[in-house]
A.B. asks: 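Supplied in structure tokens, the structure appears directly below.
These figures come from a predicted structure and were not determined experimentally. Index from 1, following the sequence.
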Amino acid sequence: MGFLQSLIGRFRAPVPPIDDALWKQAIARVPLARALDAPRAHYLRQLAATFLHTKRFHAMGDAALDDFWRLAIAMQASLPALPRGPRAFKGWTNVLVYPGEFNVRRSHRDARTGVVTDSDDTLIGEAWDRGPMILSLADVALDLEAPWDGFNVVIHEMAHKLDMLAGPANGVPPLPPTMNRREWIATMQRGFDTLSNALDRGRHTTIDPYAAEAPEEYFAVTSELHFSQPQALREAEPAVAALLEAFYGPAPGLRGR
């Protein structure tokens with residue numbers, strides 16, 4: 001059985017196909033997908049159809065969420081899922097799309113005093129463990145306009161979803177049998193520590209400082225770079241870049257630019 005046939009074989013039931021005209025429109029406007037080689041582009045179409053079939057999209061506020069935007073989100077969410085197939089989408093159902101940035105109220109308990117304080121965070125994306133993926137449509141649109149700038153909110157949140165397949169996000173997603181878990185943890189920890197130390201010294205870093213918030217954010221931010229600025233990641237952290245290439249497959253940006 002060939003590579004493409006083995007990938008297609010992962011589908012357990014047929015799903016409604018994506019309309020040809022809509023697919024052509026999306027390919028023209030989603031450069032990351034356009035940069036894929038032919039076999040992976042073919043599989044991406046089927047995987048995106050599965051995403052659309054299994055997820056429920058909710059337009060929040062006055063978000064103008066039409067068939068194109070649903071497909072554009074599905075395509076970008078499917079890019080990190082290509083090696084794993086539909087199993088990557090397990091455990092959650094809803095995609096909430098706001099027109100722009102949105103606020104999330106959080107409670108924090110001080111471990112020493114026990115005092116609980118509430119705060120509002122302004123976000124462009126979020127992924128909840130076994131809950132929804134939440135996105136800013138304005139930032140999804142920005143990622144299509146600037147696909148090679150190192151940022152992609154859908155890929156960032158999908159990386160969290162992959163991470164959460166093994167439980168609460170910690171930067172260590174379920175790995176294929178060909179990859180070594182200890183090597184993954186050691187390599188990502190070294191990259192995380194290098195970034196944190198550079199920021200402590202006030203240095204400019206190629207990797208966005210947000211990656212130093214936690215190991216799971218380091219994984220999600222470097223995943224964005226793998227897809228949207230792979231050469232920069234290779235130069236900044238070659239070991240991390242090699243690890244992500246083994247996990248996700250070849251970076252489309254290296255081929256498509």
A.B. asks: To the nearest 0.5 angstrom, please state how far the NE2 atom of H160 sits from the OG atom of S223.
C.D. replies: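 If I round to the nearest 0.5 Å, the distance is 9.0 Å.
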
A.B. asks: So, do Y43 and L36 sit near enough that their side-chain heavy atoms are less than 4.5 Å apart?
C.D. replies: no

A.B. asks: Please determine whether side chain to side chain contact (heavy atoms under 4.5 Å, CB included) holds for the pair L244 and M188, giving the CA-CA distance in whole Å, both sets of side-chain angles, and the decisive distance to 0.1 Å.
C.D. replies: CA-CA 10 Å; L244 292 179; M188 292 302 237; 4.0 Å; yes

A.B. asks: Indicate yes or no: at least one non-hydrogen side-chain atom of R34 is less than 4.5 angstrom from one of V30.
C.D. replies: no

A.B. asks: Hydrophobic clusters here meaning ILVMFWY residues chained together by side-chain heavy-atom distances under 4.5 Å, can you tell me if I155 and M164 are in one?
C.D. replies: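 In one cluster: no.
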
A.B. asks: Of all residues at least two apart in sequence or in a different chain, which pass the side chain to side chain donor-acceptor pair (under 3.5 Å) check with T122?
C.D. replies: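 Expected list: N103.
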
A.B. asks: Is it true that D67 and R70 make a salt bridge, defined as a side-chain N closer than 4.0 Å to a carboxylate O?
C.D. replies: yes

A.B. asks: Hey, could you give me the CG/CG distance between D200 and L195, rounded to the nearest 0.5 Å?
C.D. replies: 9.5 Å

A.B. asks: Rounded to the nearest 0.5 Å, how far apart are CG of L71 and CZ of R29?
C.D. replies: 10.5 Å

A.B. asks: Please report the shortest heavy-atom distance between M179 and L175, naming the atom on each side.
C.D. replies: CB-CB, 4.2 Å

A.B. asks: Without swapping roles, check the side chain of D143 against the backbone of V153 for a donor-acceptor pair under 3.5 Å.
C.D. replies: yes

A.B. asks: Main chain of N94, side chain of R56: is a donor-acceptor contact present, judged purely on distance under 3.5 Å?
C.D. replies: no

A.B. asks: For the atom pair OG1 (T93) and NZ (K55), what is the distance rounded to the nearest 0.5 Å?
C.D. replies: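 Interatomic distance, T93 OG1 to K55 NZ, rounded to 0.5 Å: 5.5 Å.
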
A.B. asks: Provide the closest heavy-atom pair for P174 versus F247 in the form atom of the first, atom of the second, distance.
C.D. replies: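 Of all heavy-atom pairs spanning P174 and F247, the closest is O-CE1, 3.5 Å.
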
A.B. asks: Taking the side chain as every heavy atom from C-beta outward, state whether E157 and L135 have any pair of such atoms under 4.5 Å apart.
C.D. replies: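 Yes, side chains in contact.
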
A.B. asks: Might you point out which heavy atoms bring A74 and S78 nearest each other, and give the distance in Å?
C.D. replies: O-OG, 2.7 Å

A.B. asks: Return each pair, listed once, that meets ring-ring contact (aromatic ring centres under 6.0 Å, His included) where at least one residue sits in residues 207-239; pairs must be two or more places apart or across chains.
C.D. replies: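 Qualifying pairs: W184-F219, H226-Y248, F227-Y248.
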
A.B. asks: Side chain to side chain contact (heavy atoms under 4.5 Å, CB included) between F102 and L96: does it pass, once the steps are laid out?
C.D. replies: CA-CA 11 Å; F102 53 92; L96 279 56; over 6 Å; no

A.B. asks: Would you confirm whether R40, through its side chain, and P250, through its main-chain N or O, come within 3.5 Å as a donor-acceptor pair?
C.D. replies: yes

A.B. asks: For the side chain of K161 and the backbone of D129, is there at least one donor-acceptor N/O pair under 3.5 Å apart?
C.D. replies: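 Not a single qualifying donor-acceptor pair exists.
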
A.B. asks: Would you say the side chain of Q25 lies within less than 4.5 Å of the side chain of F68, judging by non-hydrogen atoms?
C.D. replies: yes

A.B. asks: Assess the residue pair E237 and I207 against the criterion (side chain to side chain contact (heavy atoms under 4.5 Å, CB included)); give the C-alpha distance rounded to whole Å, side-chain angles, the decisive distance to 0.1 Å, and a yes or no.
C.D. replies: CA-CA 9 Å; E237 283 289 350; I207 298 173; 3.9 Å; yes

A.B. asks: Going from CG on L225 to NE2 on H156, what distance comes out if it is rounded to the nearest 0.5 angstrom?
C.D. replies: 11.5 Å

A.B. asks: Out of V140, D139, I134, which one pairs with S136 under the side-chain contact (heavy atoms from CB on, under 4.5 Å) rule?
C.D. replies: D139

A.B. asks: Report yes if the side chains of W148 and L32 come closer than 4.5 Å at any heavy-atom pair, otherwise no.
C.D. replies: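 Side chain of W148 against side chain of L32, heavy atoms only: contact under 4.5 Å found.
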
A.B. asks: Would E235 and T206 count as a side chain to side chain contact (heavy atoms under 4.5 Å, CB included) if you check the C-alpha gap in whole Å, the side-chain angles of each, and the deciding distance to 0.1 Å?
C.D. replies: CA-CA 9 Å; E235 293 170 2; T206 299; over 6 Å; no

A.B. asks: Exactly one of V172, D163, V221 should register a side-chain contact (heavy atoms from CB on, under 4.5 Å) with E216. Which one does?
C.D. replies: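 For E216, the side-chain contact (heavy atoms from CB on, under 4.5 Å) check succeeds only for D163.
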
A.B. asks: Could you check whether any side-chain heavy atom of Q76 comes within less than 4.5 Å of a side-chain heavy atom of L144, counting everything from C-beta outward?
C.D. replies: yes

A.B. asks: Could you pull out the closest heavy-atom pair between F89 and A77, with the gap in Å?
C.D. replies: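 Here F89 and A77 meet closest at CE2-O, 4.2 Å.
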
A.B. asks: How many angstroms lie between atom CE of M75 and atom CD1 of I18, to the nearest 0.5 angstrom?
C.D. replies: 7.5 Å

A.B. asks: I need the minimum non-hydrogen distance between E224 and N152, along with the two atoms involved.
C.D. replies: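 Reported closest heavy-atom pair: OE1-N, 2.6 Å.
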
A.B. asks: Tell me the closest heavy-atom pair linking A33 and I27, and the distance in Å.
C.D. replies: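 In terms of heavy atoms, the two residues are closest at CB-CD1, 4.1 Å.
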
A.B. asks: Find out whether L142 and F151 are in side-chain contact, i.e. whether some heavy atom of one side chain is under 4.5 Å from a heavy atom of the other.
C.D. replies: no

A.B. asks: Under 4.5 Å between any side-chain heavy atoms of W69 and D66, yes or no?
C.D. replies: yes

A.B. asks: Do any N or O atoms from the side chain of R201 and from the backbone of N197 form a donor-acceptor pair under 3.5 angstrom?
C.D. replies: yes

